[in-house]
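All ligand and atom numbering here is 1-based and tracks the order in the structure. On a predicted model such as this, the values are computed, not experimentally measured, just so you know. We use all heavy atoms of the structure for the numbers below, so side chains are in, but hydrogens, waters and symmetry mates are not.
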Amino acid sequence: MNEIYLDHATTTAPLPEVLEAMRPYLSSQFGHASALHARGAQARLALDEARALVAALLRAEPDEVVFTGSATEANNLAIKGVAWSAGRRGGHLIAAATEHISILHPLRTLEKQGFEVTLLPVDRHGFVDPDDLRGAIRRDTALVSVSHASAEIGTAQPLADLCRVARGAGALFHTDATLTAGALALPHGDDQPDLVTLTPHLFYGPQGIGALRVRRGVRLAPLIEGGPQEDGRRAGTEALAAAVGFGAAARLAAATMGARGERAAARAGTLQHALLKALDGVIATGHPTRRVPGLLTLCVQGIEAESLLTALGAEGIAAASGSACTTAVRKPSHVLQAIGVDPVLARGAVTFAFGETNVDDDAAAVARILPPVVGRLRLLSPLA
Ligand code: PLP
């Protein structure tokens, strides 16, 4: 059975060009970027090139890119790093109620340490209102963090407007662009966020690495202390091969972003249209157009998402429910709750994330397979 992979918002397959770029650094060109011999110089050069490619994708400067082990670590570094850099307890932080748990959990930790946290509400599409942000900012607000998009609803936030409000009030602005890096452009010039999180495993690069863009002049306390790597902002030997793969994936994404997005969005649109026609009780969540291209987020009435994903898996279709990090938690989704979805309906939340692994026929195949599967599950489900 051929797999139809529709889980590109969880992780993606590294492209052949990415693997090709990485391979030498896992074998003959191994090296430590701090070493003083020729092999070290070669590793340093490769790391510098990778950093410049990631910076170019973000329209940032190379020395503003801090490599981390994951997007989760980059989010922790942004939140705790800014809060702790003031070198005192207390202060105020703001985030959207729909943030990923790698933002919300560090905020909870900071609250226990004496910081105050405000979570902003969102509207039914998941948008943060810049006026709500304006009203929440205080003189002691150190940081505002609003992700570019959530995997659970796909709505792309008005980052430029939010950034302008935060910076106008003297606060730093962070965005978690894990889901959108390489898929949607970030704001230009003065409206650029001060801090940006990304990881290449969501745009056809390797797992095990992430990055935080830290605008020049922003002070950040390191989470991981030790050697002088990453300009003292993240100690530990850099993952050379992964960084090179990150750079290659960033270069390819910058060159093909528009075309990738169009292909994915067209296929997701075909599936959405077919499913809404074939099935009653299916609700599309998030904004219909201002969203991550190719990410279809639905709530299917009368079923449990886990049962549907298992049944689809048996048919060779790999899809997801919400954020990969929260599927194991089995709590009602805080994101769907925030946009006002009924908790019972939210139990049927599924996401189909199209990407470069797909072909045109995939949407039609899923549209054919899914309705009878849902019909069967509804006959058995206590939710129906
Ligand atoms: N931020 C967002 C919006 C995500 O969807 C995810 C993963 O699902 C993360 C951060 C964490 O990414 P990672 O697990 O690669 O660190």
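Residue-to-ligand polar distances place Asp176 within reach of ligand 1: an N/O pair is separated by less than 3.5 Å. For the pair His201 and ligand 1, the shortest N or O to N or O distance falls below 3.5 Å.
The number of heavy-atom neighbours closer than 6.0 Å to CZ of Arg124, taken from other residues, nucleotides and ligands shown, is 12 or below. Annotation for Leu36: atom CG does not count as buried by contact number, only 12 or fewer foreign heavy atoms lying within 6.0 Å.
When heavy-atom distances to ligand 1 are checked against a 4.0 Å cut-off, Ala71 comes that close through both its backbone and its side chain. At a heavy-atom distance under 4.0 Å, atoms from both the backbone and the side chain of Thr72 approach ligand 1.
Within ligand 1, counting atoms from 1 as listed, the ones closer than 4.0 Å to a heavy atom of Ser102 are 10 (C). Residue Ser70 has at least one heavy-atom neighbour below 4.0 Å for each of these atoms of ligand 1: 16 (O).
Checked options Tyr204, Phe67, Tyr25; the residue passing with Phe246 is Phe67 (criterion: ring pair (Phe, Tyr, Trp, His ring centres under 6.0 Å)).
Phe127 carries Arg290 over the face of its six-membered ring, with the cationic atom under 6.0 Å from the centre and within 45° of the normal.
Taking OG of Ser85 as the start and CG of Leu143 as the end, the distance is 9.5 Å to the nearest 0.5 Å.
At a 4.0 Å cut-off, not a single heavy atom of Ser150 sits close enough to ligand 1 to count as contact.
No side-chain donor from either of Thr175 and His148 sits under 3.5 Å from a side-chain acceptor of the other.
In this comparison of Gln207, His100, Glu73, the heavy atom closest to atom 5 (O) of ligand 1 sits on His100.
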